[in-house]
2 protein chains.
Amino acid sequence: MKIIYSKFHSLENEKQERIINAALKEFAKNGYHKASTNEIVKEAEISKGSLFNYFNNKKELFLFLLDYVANVIEQIYDEVNWNEPDFFERIRQLGLVKFKVYKKFPYAFNFLKALSHEDAAEVKPAINKLKKDMVESGLERGYQNIDWTKFREDFDREKVINIINWTMLGFAEEYMNRLDSIEDVGMEILHEADEYFEILKRCFYKKGER
Amino acid sequence: MKIIYSKFHSLENEKQERIINAALKEFAKNGYHKASTNEIVKEAEISKGSLFNYFNNKKELFLFLLDYVANVIEQIYDEVNWNEPDFFERIRQLGLVKFKVYKKFPYAFNFLKALSHEDAAEVKPAINKLKKDMVESGLERGYQNIDWTKFREDFDREKVINIINWTMLGFAEEYMNRLDSIEDVGMEILHEADEYFEILKRCFYKKGER
DNA sequence: TATTAATATGACCCGAGTGGTCAATATAGT
DNA sequence: ACTATATTGACCACTCGGGTCATATTAATA
């Protein structure tokens, strides 16, 4: 049975986002149990009473976030062109869409990542369901339609893919650390990422491929 | 002024390690403020009274750990052969030594990493000092004596180094996630890492270099 | 504008958990 | 046997947790 959270949804958008971001941040940082609703209402600039008016309790708030984030991810996947055959162009697109999400919900990915270490029994089943759904709908699409013939054949493909992904992850993290605030990520990040793509292409594509 | 913690140091080694690891784990996971001394004594299998006998209070315990970890890192650096000119051999060695430390203090690196996000005012100055010292003594040595002529010259060297490092970091993390417990890391990890080195060498070294 | 309905507020509740203490106990040394 | 040292965990004062609710503020209706 699906809960509708009508109280919350009839709020102005900006307030909704403030609450979502505050909650994502707090849960991501501290996990379900140690996350403080006091901290959330302070960050979201609403009163305690309001929060518990929109969501009956902490657990409902958390479950709402799970669902919300799942939808956001779903949306990301829908925006990507899964027919693009060039591997680098594909992850570039994925990066771009993720970047847009990041601007709106800076803590969504941290929240998602933290889920894997979550051990609160009350929310574990919901988390496992989310994971299952994401693997099914996500990895299913995964790298379909990619033109692997562009790649050199003398390397283990899985390892090459890992190197490329870890490079992007490492770059993104290092880039974030360079900034003072998580909020002021600019478009420059993509230019710099492209320079890494350029190197990796020349390493892993056959000569002459672009 | 340096505190000696004589009470603690006259304990049997095994007990010292149990306490250190329990404390590192708790602080790494929860940060200074939210770390619980109750949790630490439970994990270390000592009584509350004992902990506060060895260390007068939470802050002293934390400062002790800072100092201890700094020394461990220092030791790592001393074990590495800084004359080895081959870049990959060098970080392989570093990995090996880190691996040894990891077996003894599984949470030391998590603890160190968590320090950068620590915001407890009571311990901030000590953390900053540690960071300063580590950058000075560590990055100083850094990549000295490396034979850079082995590398292709048509790539930006800094970016290449980043790719290699991020690959190793990504690999290590992925490897850890594959394991059930942080404790059962085996030597196989090095063999698998070597396979990545092989790929990266063929990418970034000039033809014919090994 | 007066009245009602809907929202938003934060002081307050009680239970859980905090860092830290200390009289009582167990162990070791002589 | 006696003393000195090491260890224990019940206990304390206090903070902070999720959640409530009477009151205050705003919006809607007339």
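Scope of the values below: all heavy atoms of this structure, side chains included, with no hydrogens, waters or symmetry mates. Letters go in sequence order (proteins before strands), and every chain restarts at 1.
- Whole-Å rounding puts the Phe52(B) CZ to dG20(C) P distance at 5 Å.
- The side-chain contact (heavy atoms from CB on, under 4.5 Å) search around Ala23(B) returns Phe27(B), Ile40(B), Leu61(B), Leu65(B), not counting sequence neighbours.
- Shown here are the salt bridge (charged side-chain N to carboxylate O under 4.0 Å, His left out) partners of Arg18(B), two or more places apart in sequence or in another chain: Glu14(B).
- Within the helix from dT1(C)-dA30(D) to dA24(C)-dT7(D), the inter-axis angle between the opening and closing five-pair segments is 10°, rounded to 10°.
- Partners of Glu195(A) according to the side-chain contact (heavy atoms from CB on, under 4.5 Å) rule, which considers only residues two or more places apart in sequence or in another chain, are Glu192(A), Lys159(B).
- Glu118(B) is linked by a salt bridge (charged side-chain N to carboxylate O under 4.0 Å, His left out) to nothing, counting only residues two or more places apart in sequence or in another chain.
- Under the rule for a salt bridge (charged side-chain N to carboxylate O under 4.0 Å, His left out), Lys59(B) has no partner lying at least two apart in sequence or in another chain.
- Applying the salt bridge (charged side-chain N to carboxylate O under 4.0 Å, His left out) criterion to Lys25(B), with sequence neighbours excluded, gives Glu43(B).
- Of the residues in residues 19-42 of chain A, those placing a heavy atom less than 4.0 Å from an atom of DNA chain D are Ala35(A), Ser36(A), Thr37(A), Asn38(A), in numerical order.
- For residues 44-53 of chain B, no pair satisfies salt bridge (Lys or Arg N to Asp or Glu O under 4.0 Å), with sequence neighbours left out.
- Listed by chain and residue number, Glu60(B) satisfy the side-chain contact (heavy atoms from CB on, under 4.5 Å) test with Asn56(B) (two or more places apart in sequence, or in another chain).
- In this structure, Phe8(A) and Phe64(A) have perpendicular ring planes: the angle between them is above 60°, well past the 30° mark.
- In terms of the side-chain contact (heavy atoms from CB on, under 4.5 Å) criterion, residue partners of Asn81(B) (sequence neighbours excluded) are, by chain and number, Asn83(B), Glu84(B), Gln93(B).
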Atom pairs under 3.5 Å, N or O on each side, protein against nucleotides 7-10 of chain D: can you list them with distances?
| unit_1 | atom_1 | unit_2 | atom_2 | d |
| --- | --- | --- | --- | --- |
| dT7(D) | OP1 | Lys15(B) | NZ | 3.0 |
| dT7(D) | OP2 | Tyr54(B) | OH | 2.9 |
| dT8(D) | OP2 | Ser47(B) | N | 3.0 |
| dT8(D) | OP2 | Ser47(B) | OG | 3.2 |
| dT8(D) | OP2 | Ser50(B) | OG | 3.2 |
| dG9(D) | O6 | Gly49(B) | N | 3.2 |

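- We find that CG of Asn56(B) is positioned 16 Å from P of dG19(C), with the value rounded to whole Å.
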